[in-house]
Amino acid sequence: MGMWMVAGNWKMNNLTGEAVALAKDVVSGLPPIAGRGEVVLAPPFTVLKSVFDVIAGTPVALASQNVFFEDKGAFTGEISSAMLRDAGCTYAIIGHSERRKYFHETDENVNLKVKKCLATGLKPIVCVGETDEEREAGITEFVVGIQVKKALAGIPALDKIVIAYEPVWAIGTGKNAAPIEAEEVHHFIRNVLGETHGDASRNVKILYGGSVTADNFGELIAMENINGALVGGASLKSENFLGIISRAMEKNK
Ligand code: 13P
């Protein structure tokens, strides 16, 4: 049974006091995960350093919610991969559907970001997923297949890559994908990775995201190709987030 990952995407939430308190509660409530799984927190840029100070020396890793693909220079408001490494990040979430929708991120941007992260030692968590209309139109696999292939175009190895399948219609709606429905897409994604990268596809973690809670995650994580979760709303309360982590521990049994 492979290692799982549970990542909390805090989105645009938490000032310093709240962020530090939440990170402390997660660290103090964490079960022994060494050799079993990974727990990742993705706070806003402004509190990365404060959260890093809490998690340093613990098994919890830090992620950013975005990254820019240039190294440095006149890009007002952007944050480079090296800056994120400097702030303590191990991972960067890339291509979240909210960034695609509100900030017009394209598959080409995502690909440039993935490449820059890999070149500078940050591990990408690449988000893909179809909208409600796309699912209704029966083109989920077509859409997700293109997103995966374009994100990873020109990337020789998959060992530093995590994929998060987040159906847009399931994000923040309380309507999680049915486990079998999610598994079908996860299986499809693994097949796409198999086509592009061969056997290395077997070890890639494919996380599910979209209205994950401690109550629904047990059935999701039991699926063969679901290796963890990218959690939004339920990552903002330590008891909910820790509950999801306990469900993930079942994957090791
Ligand atoms: P929710 O868990 O709030 O649906 O958000 C999912 C998500 O977008 C995580 O990146």
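Whatever order the structure lists ligands and atoms in, that order sets their numbers, starting from 1. Just so it is clear, the structure is predicted and the values come from calculations on it, not from any experiment.
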Please classify the N9 to ligand 1 contact at 4.0 Å (heavy-atom distances, strictly less than): side chain, backbone, both or neither.
side chain
Taking 4.0 angstrom as the limit and counting only heavy atoms of H96, give me the atoms of ligand 1 inside it, by number and element.
7 (C), 8 (O), 9 (C), 10 (O)
Distance under 4.0 Å to a non-hydrogen atom of I171: what atoms of ligand 1 satisfy this?
4 (O), 5 (O), 6 (C), 8 (O)
Would you kindly specify which portion of S97 sits under 4.0 Å from ligand 1, judged on non-hydrogen atoms: side chain, backbone, both or neither?
neither
Would you kindly say whether E133 and W169 are connected by a side-chain donor-acceptor distance under 3.5 Å?
no
Electrostatic pair E224-R190, nearest N-O below 4.0 angstrom
no
CD1/I161 to OG/S201 distance, rounded to the nearest 0.5 angstrom?
13.0 Å
Ligand 1 atoms in contact with E166 (distance to a heavy atom under 4.0 Å)
6 (C), 7 (C), 8 (O), 9 (C), 10 (O)
Backbone or side chain, does any N or O of T173 fall under 3.5 Å from an N or O of ligand 1?
no
Close approach of S211 to ligand 1, heavy atoms, under 4.0 angstrom
yes
Would you name the heavy atoms of A214 and R247 that are closest together and state the gap between them?
O-NH1, 3.0 Å
May I ask you to decide if K11's main-chain N or O and H96's side chain share a donor-acceptor pair within less than 3.5 Å?
no
Any N/O pair G210/ligand 1 closer than 3.5 Å:
no
Heavy-atom pair with the smallest gap, counting every atom of G95 and R100
O-NE, 2.8 Å
Could D25 and K237 be called an ion pair, given the rule that one side-chain N must be under 4.0 Å from one carboxylate O?
no
What closest approach, in Å, do S64 and A42 show between heavy atoms, and which atom pair accounts for it?
O-CB, 4.3 Å
Considering distance alone, does some N or O of G232 sit under 3.5 Å from an N or O of ligand 1?
yes
Contact between ligand 1 and G172 is defined here as a heavy atom of the residue under 4.0 Å from a ligand atom; is it met?
yes
Report, in ascending order of atom number, the atoms of ligand 1 lying under 4.0 Å from any heavy atom of G233.
1 (P), 2 (O), 3 (O)
Could you check atom 5 (O) of ligand 1 against the protein and tell me its nearest heavy-atom contact, residue, atom and distance included?
K11 NZ, 3.2 Å
Are A170 and ligand 1 in contact, using a heavy-atom cut-off of under 4.0 Å?
yes
Just say parallel, tilted or perpendicular for the rings of Y165 and H186, cut-offs at 30° and 60°.
perpendicular
